[in-house]
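Below is one structure, written out as structure tokens, with a few remarks after it.
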2 protein chains.
Amino acid sequence: MEHVEVFKALSNKARLQILQWLKDPTKNFPAEGCCENGVCVGQIQLKMGVTQSTASEYLSLLQRTGLLTVTRQGQWTYYKRNEDAIRELGKLILEDL
Amino acid sequence: MEHVEVFKALSNKARLQILQWLKDPTKNFPAEGCCENGVCVGQIQLKMGVTQSTASEYLSLLQRTGLLTVTRQGQWTYYKRNEDAIRELGKLILEDL
DNA sequence: CAAAGGTATCGGAAAATAGCGATTTTATCA
DNA sequence: TGATAAAATCGCTATTTTCCGATACCTTTG
């Protein structure tokens with residue numbers, strides 16, 4: 001994944017918002033949508049106020065860039081922040097941008 | 001300037017390249033295009049291989065987001081990296097993203 | 001003041017992205 | 001198996017971005 005792609009993923013208010021919400025899943029989402037692997041698509045969609053397809057596409061984009069991790073569990077897909085990748089990005093900007 | 005705008009500015013290969021080149025002006029540009037205030041538009045345009053208008057617009061976009069500083073000097077406009085802003089962005093990602 | 005050089009801005013065509021509804025896929029459960 | 005539920009993918013239009021050529025704006029110099 002090129003850095004350009006990561007910055008593209010971040011250049012959208014809704015996607016930045018998702019990353020913020022996922023900093024504290026239990027505070028921002030009902031418990032039944034959360035597990036140790038993150039938050040399911042449906043709950044994020046509800047909170048975003050967009051269609052299911054839009055939420056799904058945003059989440060999978062963030063995952064493709066590495067900013068989120070994804071875990072399928074039964075019929076649910078849980079997305080979670082990838083703190084390592086976020087830290088790497090911060091370091092990259094400090095050291096290489 | 002919202003963070004989204006900074007990320008938009010960074011989600012373009014040519015603009016990221018400009019930031020890289022400006023890390024070492026004298027290495028990447030002929031001395032006559034450089035001064036302590038940065039590198040003039042014309043030299044950056046030549047190196048980018050785009051039209052003058054495109055170079056000018058990319059540079060002023062990077063300046064509007066705060067990533068570059070601009071100094072007019074006679075008939076030349078010099079652009080320079082804003083290291084403070086870049087450091088702030090790195091810290092922002094590490095601490096708040 | 002006129003000419004020339006460097007830069008900025010404007011207007012537009014082509015390409016990319018946003019976000020939706022419809023459909024398909026995958027998993028559960030009776 | 002069929003019904004149902006969650007999520008992914010597809011197809012589409014509207015909007016935004018990209019990048020250009022033309023033009024306008026400054027500044028220097030004759």
Side-chain angles (χ1 to χ4, degrees), chain A residues 1-19 22 25 29-35 37-65 67-80, chain B residues 1-2 4-18 22 25 29-35 37-65 67-80:
Chain A
M1 178 63 56
E2 271 308 307
H3 300 143
V4 174
E5 303 305 319
V6 180
F7 291 127
K8 274 187 193 167
L10 292 174
S11 45
N12 175 290
K13 222 163 188 173
R15 289 190 295 260
L16 287 179
Q17 179 70 78
I18 292 172
L19 285 169
L22 291 180
F29 300 95
E32 65 270 22
C34 304
C35 75
N37 292 318
V39 182
C40 69
V41 177
Q43 289 303 326
I44 298 172
Q45 179 215 335
L46 284 180
K47 187 115 178 168
M48 290 179 70
V50 295
T51 61
Q52 185 269 323
S53 62
T54 297
S56 173
E57 273 159 6
Y58 280 19
L59 288 165
S60 89
L61 173 60
L62 286 168
Q63 185 265 315
R64 283 197 304 281
T65 65
L67 294 167
L68 296 183
T69 60
V70 63
T71 309
R72 270 214 157 230
Q73 203 164 328
Q75 57 190 135
W76 289 277
T77 307
Y78 294 96
Y79 285 96
K80 184 180 179 175
Chain B
M1 178 62 57
E2 273 306 309
V4 174
E5 303 305 319
V6 180
F7 292 127
K8 275 187 193 169
L10 292 174
S11 44
N12 174 290
K13 222 163 188 173
R15 289 190 296 260
L16 286 180
Q17 180 68 79
I18 291 172
L22 290 180
F29 300 94
E32 66 270 22
C34 303
C35 75
N37 292 318
V39 181
C40 68
V41 177
Q43 289 303 325
I44 298 173
Q45 180 215 335
L46 284 180
K47 188 114 179 170
M48 290 179 71
V50 295
T51 61
Q52 185 270 322
S53 62
T54 297
S56 172
E57 272 160 7
Y58 279 20
L59 288 165
S60 89
L61 173 60
L62 286 167
Q63 184 265 315
R64 283 197 303 281
T65 65
L67 294 167
L68 296 183
T69 60
V70 62
T71 308
R72 271 213 158 230
Q73 205 164 327
Q75 58 190 141
W76 289 278
T77 306
Y78 295 97
Y79 285 96
K80 184 181 180 175

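By convention in this document, chain letters (A, B, ...) are assigned in the order of the sequence lines, proteins followed by strands, and residues within each chain are numbered from 1.
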Have a look at A:Y79 and say if it touches a base, only the backbone sugar-phosphate, or nothing, with a 4.0 Å heavy-atom cut-off.
sugar-phosphate
The reported gap from NE2 in A:H3 to OG in B:S11 (rounded to nearest 0.5 angstrom) is 13.5 Å
Atom CG of B:L67 and atom CG of B:L59: how far apart are they, to the nearest 0.5 Å?
12.0 Å
Out of curiosity, A:L62 CG to A:E57 CD, how far, rounded to the nearest 0.5 Å?
12.0 Å
Please output the side-chain donor-acceptor pairs of residues 43-56 of chain B that fall under 3.5 Å, not counting sequence neighbours, one pair per line with the distance.
from, atom 1, to, atom 2, distance (Å)
B:Q45, NE2, B:V50, O, 3.2
B:K47, NZ, B:N28, O, 2.9
B:T51, OG1, B:S53, OG, 3.3
B:T51, OG1, B:T54, N, 3.4
B:T51, OG1, B:T54, OG1, 3.1

Round to the nearest Å and state the distance from B:L59 atom CG to C:dA8 atom C1'.
11 Å
Drop me the distance from A:N12's CG to B:F7's CZ, to the nearest 0.5 angstrom.
12.0 Å
Indicate for each nucleotide in nucleotides 25-30 of chain C, in 5' to 3' sequence, whether protein heavy atoms under 4.0 Å reach the base (B), only the sugar-phosphate (S), or nothing (-).
-SSS--
When rounded to whole Å, the CG to C1' distance for the pair A:L10 and C:dT17 reads 16 Å
Heavy-atom side-chain contact between B:Y79 and B:I18 under 4.5 Å:
no
Can you name the closest pair of heavy atoms from A:T77 and A:R72 and give their distance?
OG1-NE, 3.8 Å
From B:R15 atom CZ to B:L61 atom CG, the distance as rounded to the nearest 0.5 Å:
5.0 Å
Could you give the CG-to-P distance, from A:L62 to D:dA8, as a whole number of Å?
13 Å
Strand contacts (DNA chain D) in residues 43-57 of chain A, 4.0 angstrom heavy-atom criterion:
A:Q52, A:S53, A:S56, A:E57
Test of understanding: with side-chain contact (heavy atoms from CB on, under 4.5 Å), list the residues that count as partners of A:Q73, not counting sequence neighbours.
A:C35, A:E36, A:N37, A:T71, A:Y78
Can you sort out the partners of A:Q75 under side-chain contact (heavy atoms from CB on, under 4.5 Å), two or more places apart, ordered by chain and number?
none
Rounded interatomic separation in angstrom, taking OH from A:Y78 and P from D:dA6
11 Å
Between P of D:dA8 and CG of A:L68, the distance in whole Å
12 Å
Protein-nucleic acid N or O pairs under 3.5 Å, nucleotides 14-17 of chain D:
from, atom 1, to, atom 2, distance (Å)
D:dT17, OP1, B:K8, NZ, 3.1

